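What follows is a set of notes on a single structure, which appears directly below.
Treat the numbers as computed from the prediction; the structure is a model and nothing was measured. Side chains included, hydrogens not; waters and symmetry mates left out as well; all remaining heavy atoms used. Just so you know, ligand 1 is whichever comes first in the structure, and atom 1 is the first atom listed for that ligand.
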Amino acid sequence: MAGKLKLDKSMALYAEAQTLVPGGVAGIRRPYNFVEGEYPIFFDEGKGGRIRDVDGNEYIDYLCAYGPIIIGYREEEIDNAVIEQIKNKGFCFSLTQATQNLLVRKLQEVIPCCDMAAIVKTGSDATTIAIRVARAHTGKLKVARCGYHGWHDWCVEVKGGIPPKFYEDIIEFHYNDLDQLEDILKANANDMAAIIVTPVGHPLGAEVQMPKPGYLEGVRRLADQYGCVLIFDEIRSGFRCSLGGAQEYFGVTPDLATFGKAMANGYPIAALVGKREIMGVLSKEVFLSSTFFPNSDAQVAALKTIEILQRDQVLDAVAAKGRKFGEDVEKVLAESGIPARFSGSPWMPFITFPKDATGLYKKLRVEFYTQLIRRGVFLQPYHHGYICHRHTDADLAFTVQAIKESLAELNKLA
Ligand code: PMP
């Protein structure tokens, strides 16, 4: 039986943070998104696939900073490239450094839909400018969306402080449901500017979904039929499913796509990429500028990250590890008799507990993730995880064993 972790320093820092920052820490990192009292709140350091909290507890980390860590924490080759740039050249100037062109050439080389790119800082920057570009290009207003696309007014789930007019032309649809999308397009036939969809389905707190056969092709066909811009939000799938994103992996090319997270193994950078004739509106009628967008530190990090992903065939290795991990976890789940499901293989592993009439699933979820964190496995109860390159076979085997033991504890509740 694994004991409760000592988390005194995390708790003290959190108490202090609540006097300094509204909510103590930002958004998805708040304790209620984990198991309160069982998970740490502040980390101290990380290396490879492991992290250490401020109380000195060590974990195998499967949240990977919510996605950016595709290789590992403190990846020396990348950090050194950035340090060299900072020391030898500098990275924040009034004009653009040539690293921009090098990076966009690289994106052109690897991403199927990329004729041109605009470099920004966050995923939200990229999805928001994608919508603006699509509206300017088509001269139309409405947008059909599926997935989390960031914190901006047009798409954030929590509506506090946002005038309804900012999102009233945005229509949500469910992943893998082509009929519903078609109905939306039919009902708004002359007004649709864009469809934006995550090519892998990852609804909050629910199972990760891979596209059903023909789904992405169907979305592509509908976008063409109704004359709207097809945008793949590849913030999670980019530089993970394959170098060219899910569009390359599944063989369906959108008009525009957004990339971020894994693109620079943790450095702040994102991109809108797409077809020349659509991206062209950014040269004149659509405005995009921000103080830090052109900074070269993250561009250098992205170039080095992509170089390593290509050179070491990292994404093949990640997928192979993820696939084996998925198979092992499925076996353990089946043997346990606990009503839990595994999804997201090979890139985004997630163990969920399907709703039941008595609400037992909530207890199972809390107990399961409590048992896991006590065993040094950092996963999130309401968000899928990620496999990174530095997760070793031994880490993954340890994790499968921890999952097995945690499920055994649940049998005492069920
Ligand atoms: N799109 C997707 C699919 C995402 O997962 C996220 C972030 N979780 C975003 C957009 C927004 O990115 P950011 O948090 O960097 O603004």
Side-chain angles (χ1 to χ4, degrees), residues 25-30 33 62-70 111 118-134 143-158 162 167 170 172-176 194-211 216 219 230-242 245-247 249-250 254 256-274 288 290 292-293 295 298 301-302 305 343-344 347-350 379-380 382-388:
V25 291
I28 200 163
R29 291 171 168 86
R30 290 187 182 159
N33 290 306
Y62 291 97
L63 205 46
C64 294
Y66 283 100
I69 304 303
I70 181 67
I111 302 171
I119 304 296
V120 293
K121 282 270 146 219
T122 72
S124 301
D125 294 337
T127 56
T128 296
I129 195 63
I131 299 303
R132 200 185 287 177
V133 163
V143 172
R145 59 161 282 220
C146 173
Y148 179 82
H149 307 298
W151 67 273
H152 287 182
D153 287 354
W154 65 274
C155 62
V156 74
E157 318 291 324
V158 181
I162 306 171
Y167 52 83
I170 310 285
E172 275 191 72
F173 64 96
H174 293 122
Y175 190 81
N176 266 338
I195 301 169
I196 180 167
V197 59
T198 60
V200 172
H202 38 65
L204 189 68
E207 283 170 80
V208 177
Q209 293 177 51
M210 295 302 152
L216 294 176
V219 175
L230 177 58
I231 307 163
F232 277 0
D233 179 351
E234 299 238 35
I235 298 292
R236 292 189 208 183
S237 54
F239 298 101
R240 187 171 299 278
C241 296
S242 120
Q247 59 190 272
Y249 188 86
F250 293 112
L256 300 176
T258 56
F259 286 78
K261 292 203 194 271
M263 183 172 164
N265 197 54
Y267 287 85
I269 192 163
L272 171 67
V273 307
L288 177 66
S290 190
F292 299 130
F293 281 174
N295 284 10
T305 300
S343 62
W347 313 286
M348 303 177 193
F350 198 14
L379 268 164
Q380 218 256 34
Y382 308 98
H383 193 292
H384 63 79
Y386 293 101
I387 303 290
C388 79

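- Listed for the T127 side chain is a donor-acceptor partner under 3.5 Å among the backbone atoms of S124.
- A side-chain donor-acceptor contact under 3.5 Å links Q380 to the backbone of N33.
- Side-chain contact annotation: T198 with D233, donor-acceptor N/O pair under 3.5 Å absent.
- With hydrogens and angles ignored, the 3.5 Å screen pairs no side-chain donor or acceptor of Q209 with any backbone N or O of N176.
- Counting protein heavy atoms only, atom 8 (N) of ligand 1 is closest to K261 NZ, 3.0 Å.
- For the pair H384 and V208, the tightest heavy-atom approach, listed with the atom from each and the gap, is CB-CG2, 3.6 Å.
- Protein heavy atom at the shortest distance from atom 5 (O) of ligand 1 is R236 NE, 2.5 Å.
- Of all atoms in ligand 1, numbered sequentially from 1 with element shown, those under 4.0 Å from a heavy atom of T122 are 15 (O), 16 (O).
- Scanning the protein heavy atoms around atom 2 (C) of ligand 1, the nearest turns out to be Y148 O, 3.1 Å.
- Nearest protein heavy-atom contact of atom 14 (O) of ligand 1 is S124 OG, 4.4 Å.
- Of the candidates I269, D233, T128, V120, D233 brings a heavy atom nearest to atom 1 (N) of ligand 1.
- Here the side chain of E234 pairs no donor or acceptor atom with the backbone of P199 at under 3.5 angstrom.
- In terms of protein heavy-atom proximity, atom 15 (O) of ligand 1 is closest to G123 N, 2.8 Å.
- For atom 10 (C) of ligand 1, the closest heavy atom belonging to the protein is H149 C, 3.4 Å.
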**OP:** Verify side chain to side chain contact (heavy atoms under 4.5 Å, CB included) between R145 and V197, making sure each step is shown before the conclusion.
**Re:** CA-CA 6 Å; R145 59 161 282 220; V197 59; over 6 Å; no
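- Set against the non-hydrogen atoms of H202, the atoms of ligand 1 under 4.0 Å away are 3 (C).
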